[in-house]
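Side chains are part of it too, since the values below use all heavy atoms of this structure and drop only hydrogens, waters and symmetry mates.
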Amino acid sequence: MARFGTDKIEEVRARADIVEMVGAQVRLRRAGRNFVGLCPFHNEKTPSFSVNAERGFFHCFGCGAGGTVFDFVMRVEGLTFLEALQSLARRYGIVLPEHTGPGGPPPGERDAMALANLTAAEFFAHVLWKTADGAPARDYLKARGITPATAQAFMLGYAPARPANLAAVMVKRGMLEAAVKTGLVKRAPGRDSYDMFRARLMFPIRDAQGRVIGFGGRVLDQRLPKYINSPESPIYSKARALYGLFEARQAIAPADRAIVVEGNIDVIALWQAGFKETVASLGTALTVDQLRLLARYTRNIIACFDGDTAGRKASLRALEVFLGAGLLGRGVFIPSGFDPDTLVRDRGAQALNELIESSELLVDYFLREQASSAGATLSGKARAAERVAEILRMVANPFEFDLLARKAADSLGVDEELLRKEARKGGAVNPSTRRPGGTGTGTAPARPARTAARGDAVAQAEIGLVAIALNFPELRGEIAAQIMPESRADSAAQGTSELRAEIAAPTRSIEFYDPMLAAMLEDICLSTEPRAALEVRILAGLSDDQHERLSALVVGPLMIDADSARKMAADFISALARGRRRREVESLRRVAADTNGDDAAAAAQAVIALRRQTHDSN
């Protein structure tokens with residue numbers, strides 16, 4: 001968030017109409033103070049998705065997705081916070097200051113390169129559909145069963161064979177320098193500029209926002225290399241991009257899965273066959289960065305491999321990449337003699353769907369292979385256990401680690417505790433950065449987990465006070481007076497004393513069960529930040545459960561105005577006080593049970609007094 005000032009975040013938040021942004025993806029209708037529609041993040045038949053225009057929040061009461069307009073764009077487009085901020089700024093005509101990191105392109109150069117790529121994509125598409133030069137490519141697409149509508153959805157084009165057609169276009173448009181930097185046009189000493197792609201079917205590569213960042217080109221004859229891709233540039237890295245992501249992004253969330261294949265034609269054929277959640281790596285083996293990019297949309301990622309021995313070995317190599325991204329991943333093995341494209345063409349979409357439905361976790365396949373290769377010998381089992389321990393060491397999620405360690409020990413017939421100890425030597429490696437969003441330029445860290453289990457009423461009260469303080473600045477001083485030390489509360493006390501009058505004396509000095517939320521609430525009450533910047537920072541620090549509870553409260557029907565919010569705050573503070581007394585009762589009961597004589601009697605009397613106090617305050 002440090003990249004842009006809070007004033008710019010506030011300006012974008014104020015100008016970005018959340019109803020307009022959501023309405024571009026969801027058919028909304030007004031229902032009282034909110035707008036409702038079918039959730040874009042899960043399949044449903046009865047609308048449970050609400051948008052509150054006044055507060056700029058959305059929430060799905062079915063799947064729990066919720067947040068601000070920034071959260072919506074991050075979820076729909078799979079962007080980081082900074083990318084979502086920039087996307088909204090462009091949409092609403094807000095100029096953000098450009099910052100260039102060390103070694104980065106000068107301000108404006110990235111936009112110029114993207115514009116050159118878009119111009120090239122439009123030129124290639126014109127050649128494919130409107131000229132005689134494109135006839136061989138049109139025939140090729142027809143032979144592969146790709147319809148014109150599908151080809152146009154992917155912006156397919158054709159690069160003519162003549163050496164400098166695109167170069168001439170770029171010179172005429174004043175884009176030659178940008179085209180050279182993206183690799184579209186080449187220069188050599190003693191000769192004119194010439195096109196990199198010639199006589200090739202062209203596959204524009206788009207990022208999640210739809211910007212053309214590079215190209216893949218395929219020959220239609222026997223020339224080599226069969227495929228070439230754009231070189232690395234400030235706007236394109238093949239290890240961090242995916243073919244078909246822009247076309248697949250809106251299908252991934254409802255399907256809650258992404259299918260990864262090897263070839264561009266496979267992506268297009270599967271998309272046409274109904275598997276619109278399909279993407280491909282770009283001429284390289286799948287990378288951790290590519291998987292982290294997909295994980296912004298779903299953690300259920302299915303990779304397709306050849307069914308032969310080489311394909312199965314590739315799946316074992318892919319397992320380490322998945323674990324490095326904090327994912328388990330599933331594998332589909334395509335029958336010998338087929339690839340995903342020919343499988344759906346020859347056997348129909350159902351054939352692939354059956355393979356997907358029966359896919360297994362890559363780690364399960366790995367464990368089965370290790371158990372099989374170990375045989376019955378001690379040395380074989382020991383070597384297999386060492387390999388399994390190396391893989392387990394990469395599993396950062398403690399619950400996944402626990403389940404896999406049990407399964408591995410059982411399948412290999414080795415001591416579970418010994419396997420766990422060996423796997424945890426040096427600690428877990430490759431911790432994942434799982435959750436989309438955040439305020440950095442890369443994938444954001446996972447939302448923090450809850451620090452401890454607590455009663456549902458207490459959890460709701462804690463996050464409820466955060467929601468009220470965030471949305472009603474006029475109540476922050478009153479809330480602070482109940483939850484913060486007096487010296488600090490005085491600096492936040494800007495409101496009236498109405499809330500205090502509604503809270504009985506025994507509820508003073510409220511204690512939060514979750515110290516992180518307590519610090520967060522104190523931060524809000526003392527903050528002078530603009531609302532938008534404060535929202536971004538606070539929401540990024542919430543767990544998924546807390547985020548869901550907060551957005552439900554903000555969008556829900558109870559927090560209508562400051563008066564209703566004040567009454568809710570009083571109820572929440574009373575709930576926290578009751579929770580504190582219950583904890584004290586439990587603590588004293590344990591003391592009474594563990595001691596004798598006067599100490600036990602005193603503890604018992606204290607329990608009775610606390611229970612009376614709790615009863616009188618209800």
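- More than 12 heavy atoms of other residues, nucleotides or ligands shown are found within 6.0 angstrom of CZ on R90.
- Side-chain contact between F305 and V332 is absent, with no heavy-atom pair separated by less than 4.5 Å.
- Under the 4.5 Å side-chain criterion, counting only non-hydrogen atoms from C-beta, P163 is in contact with R198.
- Residues I228 and F215 are not in side-chain contact: their nearest non-hydrogen atoms beyond the backbone lie 4.5 Å or more apart.
- What you find for V267 and T278 is that their closest heavy atoms are CG1-O, 3.6 Å.
- A salt bridge (Lys or Arg N to Asp or Glu O under 4.0 Å) check over residues 138-165, counting only residues at least two apart or in different chains, returns the pairs D133-R162, R144-D341.
- Among residues two or more places apart in sequence or in another chain, the ring pair (Phe, Tyr, Trp, His ring centres under 6.0 Å) test is passed with Y365 by F333.
- A salt bridge does not link E354 with R347: none of the charged nitrogens is closer than 4.0 Å to a carboxylate oxygen.
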Taking it one step at a time, do E10 and E529 satisfy side-chain contact (heavy atoms from CB on, under 4.5 Å)? CA-CA 10 Å; E10 187 71 24; E529 283 182 275; over 6 Å; no

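- Identified under the salt bridge (Lys or Arg N to Asp or Glu O under 4.0 Å) test for residues 122-132, with sequence neighbours left out: none.
- E83 has a carboxylate O that lies under 4.0 Å from a charged side-chain N of R296, or vice versa, which qualifies the two as a salt bridge.
- Scanning for side-chain hydrogen bond (donor to acceptor under 3.5 Å, both in side chains) contacts around N43 gives an empty result, with sequence neighbours left out.
- Residue-environment remark: CZ (R15) exceeds the threshold of 12 foreign heavy atoms within 6.0 Å.
- A 6.0 Å sphere centred on CG of D192 holds no more than 12 heavy atoms belonging to other residues, nucleotides or ligands.
- Smallest separation of non-hydrogen atoms from L242 and L282: N-CD1, 4.0 Å.
- The two residues V212 and P204 have their closest heavy-atom pair at CG1-CB, 4.2 Å.
- Between P160 and N165, the shortest heavy-atom contact is CG-ND2, 3.4 Å.
- At a threshold of 4.5 Å between non-hydrogen side-chain atoms, the residues Y236 and D207 do not count as touching.
- Between I18 and F57, the closest side-chain pair of non-hydrogen atoms is not below 4.5 Å.
- Residues E20 and R91 form a side-chain contact, since some pair of their non-hydrogen atoms from C-beta on lies under 4.5 Å apart.
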How far apart are the C-alpha atoms of D17 and Y92, what are their side-chain angles, what is the distance that settles it, and do they pass the side-chain contact (heavy atoms from CB on, under 4.5 Å) test? CA-CA 9 Å; D17 185 336; Y92 288 94; 3.9 Å; yes

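- Contacts of R223 classified as side-chain hydrogen bond (donor to acceptor under 3.5 Å, both in side chains), with partners at least two apart in sequence or in another chain: D221.
- The ring pair (Phe, Tyr, Trp, His ring centres under 6.0 Å) check on F70 picks up F81, with sequence neighbours excluded.
- Put simply, the side chain of I356 does not reach to within 4.5 Å of the side chain of R330, judged on heavy atoms.
- Residues passing the side-chain hydrogen bond (donor to acceptor under 3.5 Å, both in side chains) test with N229: none are found, sequence neighbours excluded.
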Quick one, N117 with L184, criterion side-chain contact (heavy atoms from CB on, under 4.5 Å). Give me CA distance, side-chain angles, the key distance, then yes/no. CA-CA 8 Å; N117 278 344; L184 285 166; 3.3 Å; yes

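- Counting heavy atoms from C-beta outward, S336 and D306 have side chains that stay 4.5 Å or more apart.
- A salt bridge is absent between E232 and K238; no separation between the charged side-chain nitrogens and carboxylate oxygens falls under 4.0 Å.
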Considering only distance and modelled atom types, tabulate donor-acceptor pairs under 3.5 Å from the side chains of residues 149-158, sequence neighbours left out.
unit_1	atom_1	unit_2	atom_2	d
T150	OG1	T147	OG1	3.0
T150	OG1	Q272	OE1	2.7

Under 3.5 Å donor-acceptor pairs involving side-chain atoms of residues 247-259, not counting sequence neighbours:
unit_1	atom_1	unit_2	atom_2	d
E247	OE2	R206	NE	3.2
E247	OE2	R206	NH2	2.5
R249	NE	A208	O	3.2
R249	NE	F246	O	3.4
Q250	NE2	Q25	OE1	3.1
D256	OD1	T298	OG1	2.9
R257	NE	E277	OE2	2.7
R257	NH2	E277	OE2	3.0

Between R218 and Y140, is the side chain to side chain donor-acceptor pair (under 3.5 Å) condition met? List the steps. CA-CA 11 Å; R218 186 195 195 282; Y140 173 82; 3.3 Å; yes

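- Judged as a ring pair (Phe, Tyr, Trp, His ring centres under 6.0 Å), and not counting sequence neighbours, the contacts of F41 are F72.
- Remark: R531 pairs with N471, E535 by the side-chain hydrogen bond (donor to acceptor under 3.5 Å, both in side chains) rule, at least two apart or across chains.
- The minimum heavy-atom distance linking P136 with A132 is given by the pair CD-O, 4.1 Å.
- Applying the ring pair (Phe, Tyr, Trp, His ring centres under 6.0 Å) rule to F49 yields the partners F58; only residues at least two apart in sequence or on another chain are considered.
- Counting all heavy atoms, side chain and backbone alike, V185 lies closest to S193 at CG1-CB, 3.6 Å.
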Pair L79-V73, side-chain contact (heavy atoms from CB on, under 4.5 Å): steps then yes or no: CA-CA 7 Å; L79 306 179; V73 173; 3.9 Å; yes

